[in-house]
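In what follows, a structure is listed as C-alpha cells, so that the remarks can point back to it.
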Number of protein chains: 2
Amino acid sequence: MVNVAAQTVAPLGRKRRGEGHTRRDEILVAAKSLFLEEGYGATTIRKIADRVGVSAPALYLYFKDKDEIMLALCDQTFGRLIELFHSIECIECSPRDRLRQMGEAYVRFGLAHVGEYRLIFMEEQAPEPVRHTGHRGDISDPEKPGIKGAIAFAMLERQFIELEQGGAKLPHPPVTCAELSWMACHGLVSALINEPDFPWSDRQALIQGMVDLTVRGLAPT
Amino acid sequence: MVNVAAQTVAPLGRKRRGEGHTRRDEILVAAKSLFLEEGYGATTIRKIADRVGVSAPALYLYFKDKDEIMLALCDQTFGRLIELFHSIECIECSPRDRLRQMGEAYVRFGLAHVGEYRLIFMEEQAPEPVRHTGHRGDISDPEKPGIKGAIAFAMLERQFIELEQGGAKLPHPPVTCAELSWMACHGLVSALINEPDFPWSDRQALIQGMVDLTVRGLAPT
DNA sequence: TTGATCAGTTAACGACGGTAAGTTAACACT
DNA sequence: AGTGTTAACTTACCGTCGTTAACTGATCAA
C-alpha cells in the first residue's frame, strides 16, 4: 500500500496544478548536489532529471536551458555572499578592519562552496553574472538574475571609498583597489580549488598572508 | 595539371611513409588556433580534423585522446614561459627587480596566450600539469609531459630564496611568498580572461598595481 | 460532464568523444 | 616488374550530450 499522503507531500509523482514551482526548487537542489559531487562538466541534464525523478525534457518546463539552471544557482550563492558582506558592513569597526574581514570571509566562502565558486568564477561556458549587466553600476533591481555579483563587488568597493573619505591615501582609485583585492583573493581561492593535491603551504598562512598583502598594500595606514 | 611537387611538400593528402610525425605537428597547430578562436569547450576533435584536412579518427593515430592533445599544447606553452623566465634570470639586476619583471612577464604572457593559459590553469577537466608530479620537487626529467609547470614555479621561488640569502626579511618562507605572488598574478590574469567585457580599470594600471602590491608586500626593502 | 490547461511523457535531432574494421598508398625485397 | 607488409587514413558506428516537437494524462473550474 502506498502512503496516500505522498501524493501531496513527497517529491515523487506529478505535481498538483499550480505547484509546478516546487518542482523548480527540487531541480535546483538536485543540480547543486550533483555539482558538488561530480563537478560542472559531469553534471548533465539527464542526471539532474534522474535525481529529481522526472524525464529530462521536464526540466525545460522550468528553465530555458542548462545555463539558466546554473544562473539560478549562482544567484542563490551570491545571495549568501551578500548576506555575509552585509553582516560585516554592520560591524562597528574601521573600514580597514572591515576590509580585512571581507577578504577573509570571501576566501573562506569560496573554499566552503567550491562547486558554486567554480561555477560562478571559473567556468568558461558558465553564465557570467556580472557580465550580463554590461556596466558595473546597474544594480537597480537586486532580484534580476545575474545581478547579485555586481552588488557584492559594490559592497567591497564601498569600503575603499569610506577609507578614502576618512582621509586614507589609496595607491589607486577605490574601484581599482577593489578590483585588485578581489583579484588577489580570487587567485588564492581558484588556485587552491584547481590544484587541491598540490603541496601548498599551510592554508591558514596563505589566507592570512593574502589578506595582509592586500590590506597593507591597498589600504595603507 | 596538379603540381607534382605538392605530393612531397604540401600538407594536403596522405603522408609519405615515415612522415606521420609531421601530421602530429599539423594537428597541434590546428588545435591551438581553434583554441584561440573558440576556446577550449568549443574546440572539438572534428573541427581540428577538418582544419587539418583529415577525418576525425585520424587524430587518434597520433594522440591517445583529446586530453593528450591538450597536454602537448600545455607543455609547448610552459616551455615558452620557462624560456621567458630564464631570460629574466640572466639579467644583471637585483632579485627584487627580477621578481618585478617575472610578475609582469607572467601576466603579459597569460594575457597574450589566453587559450593556453585557460587550458593550463583554469580548466577543471583539463590535464593539470603540476598535479601530475605529486610533489613539487620532482623536476628531474624536464621533458616528461606535464612537468614544465613545476619548473616555472621553481624559477619564481628561487628569486625569493636569493632575496632572503641577500639579507632581506621576508614575511613568509620563500615558498609561501612564491605561492602568494603567483596566486595574486593568476587572479589578475584569470579575472581579465574570464570577464573580458567587464568594465575593469585600465589594464596597464592593474598590471602595475598587482606587481607593485606583490613586490612591496612580499619582498620588502 | 465537459473542456481547458498544467505537468508531464516518448521519440527524435544533430553534435559530441571515441572505437572497430576496412581500404589505400608507399616502400622493401625478390 | 611484381608482391607482401604495413603505415596512413577512411567509413561506419556506438553511446551520450543538450534540446525540441508532438503527444498524453491528470486536474480543476464551469
Q.
Output the rounded distance in Å from CZ (B:R14) to P (C:dA25).
A. 7 Å
Q: Check the distance between D:dA26's C1' and A:R23's CZ and give it to me in whole angstrom.
A: 13 Å
Q.
So, taking the atom named OG1 in A:T22 and the one named OH in A:Y62, what distance separates them when rounded to the nearest 0.5 Å?
A. 7.0 Å
Can you pull every protein N or O that's under 3.5 Å from an N or O on nucleotides 28-30 of chain D?
unit_1 : atom_1 : unit_2 : atom_2 : d
D:dC28 : OP2    : A:R16  : NH2    : 3.3

Q) How would nucleotides 10-19 of chain D be written as a contact map, 5' to 3', with B for base contact, S for sugar-phosphate-only contact and - for no contact, using protein heavy atoms under 4.0 Å? A) BBB----BBB
Q. Whole-Å distance between C:dG8 C1' and A:L59 CG?
A. 12 Å
Q: Return the minimal non-hydrogen interatomic distance between A:I69 and A:A31, and the atom names on each side.
A: CG2-CB, 3.9 Å
Q: To the nearest Å, give me how far apart CG (B:D25) and C1' (D:dA8) are.
A: 16 Å
Q: Give, for atom CG of B:L180 and atom CE of A:M210, the distance between the pair rounded to the nearest 0.5 Å.
A: 5.0 Å
Q: Measure from CD1 on B:I27 to P on D:dA8 and round the result to the nearest Å.
A: 11 Å
**Q.** Summary of side-chain hydrogen bond (donor to acceptor under 3.5 Å, both in side chains) pairs that have at least one residue in residues 48-61 of chain B, sequence neighbours excluded
**A.** B:S33-B:R51, B:E37-B:R51
Q.
Test of understanding: with salt bridge (Lys or Arg N to Asp or Glu O under 4.0 Å), list the residues that count as partners of A:R80, not counting sequence neighbours.
A. A:E116
Q) Within this structure, what is the CD1-to-P distance between A:I48 and C:dG8, rounded to whole angstrom? A) 16 Å
**Q.** Distance (rounded to the nearest 0.5 Å) between B:T176 OG1 and B:F160 CZ
**A.** 10.0 Å
Q | Listed partners of B:K66 passing salt bridge (Lys or Arg N to Asp or Glu O under 4.0 Å), at least two apart | A | none
Q | Touch class at under 4.0 angstrom, heavy-atom based, for A:Y62 against every strand present | A | sugar-phosphate
Q | ring-ring contact (aromatic ring centres under 6.0 Å, His included) pairs, two or more places apart, involving residues 17-36 of chain A | A | A:F35-A:Y40
Q.
Without decimals, in angstroms, what is the distance between A:H21 NE2 and C:dG8 P?
A. 12 Å
Q: Could you tell me whether a side-chain N or O of B:H113 sits under 3.5 Å from a main-chain N or O of B:F109, the two making a donor and an acceptor?
A: yes
